[in-house]
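First listed ligand is number 1; within each ligand, the first listed atom is number 1. The first residue of the sequence shown is numbered 1, and numbering continues consecutively from there.
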Amino acid sequence: MKIAAFEHAGEYQVGLVSQDGSHVRPFMLSSDKRPVGLLCLIAWLESGGELPAVGDALPLAQVGLLAPFRSFRRNLWCVGRNYRAHAKELAGSVFQKEQEDGWPMVFTKVPEAVVGPHAEVRLPTEVSEQIDYEAELAVVIGRGGCNIARADAMKHVFGYTIVNDVTARDVQMRHGQWDLGKNLDGFCPMGPWVVTADEMDGCNTRVRCWVNGELRQDGHTADMIFDIPALIETMSRGITLYPGDVIATGTPAGVGMGMQPPRWLRTGDVVRVEVDGIGAIENRFI
Ligand code: MG
């Protein structure tokens, strides 16, 4: 299934996208569940609930796609330095030391930074001159759990979506900790929908990013340093993961900062992030 959130006729809806991506059928959710959207639906399905009935198909071109989640339970989990070529391109700047202890580098993004798959993102040039993109596959947790073993980890995946982990590099590096540089308003475009785990293999898919039509990132999730089971195992160590938690899995090589000289996002730039098996998000920066 592809599950999208969208606005139609002034109403917030969550719906089932047709296989060819041309139509969406809204789920008939109760008035208390509908505003919460996908977070509510995942919890319902994971507790054994049946898929809700759907209404009439609407052409996708006639609805406004939104980020798949409107409400989050908490911050999004994120991983830094998870592709070797990317670790190399930012060695000595963002990544000050080689991580030799075999653990992923984890940070979070606040839900308030999340915007839709086609939203315009404002460049906060008053606080940063070094704004960069990061194309990423994001994992959506279905069944929750604590101390999830690697061997069981994939059973806890509900599905996948796409995020652009937009980053203000100068801010990221000057505070000794990444939160401020990662959490500016609009710095987490997400979508265009969630694809359920039965329809794609997140451990074996291609992640690409274009800026103004120029291919900048072209990675493959099989090249992750810490694969999806390793990330779920690590993040659930003594911390309960819940249905609807999101884990952004890190970005491949090709970010603007890794170029010689670096190429930062400028007003008018259009960033497209595509993950095979999901689709694409495309955001204009202004
Ligand atoms: Mg990232």
**Request:** Taking only Lys NZ, Arg NE, NH1 and NH2, and the carboxylate oxygens of Asp or Glu, determine whether R150 and D227 approach each other closer than 4.0 Å.
**Result:** yes

**Message:** Quick test of your reading of the model: are D218 and R206 salt-bridged, counting only N-O distances below 4.0 Å?
**Reply:** yes

**Item:** Nearest heavy atoms of V79 and P104, plus distance in Å
**Value:** CG1-CB, 4.1 Å

**Request:** Verify the distance criterion only: is there a donor paired with an acceptor across the side chains of S128 and D170 at less than 3.5 Å?
**Result:** yes

**Request:** Return yes if a side-chain donor-acceptor contact under 3.5 Å exists between R74 and Y242, otherwise no.
**Result:** no

**Message:** What protein N/O/S atoms are there under 2.8 Å from the Mg ion (ligand 1), waters excluded?
**Reply:** E134 OE1, E136 OE2, D165 OD2

**Item:** Aromatic ring pairing H86/F95, orientation class (parallel under 30°, perpendicular over 60°, tilted between)
**Value:** perpendicular

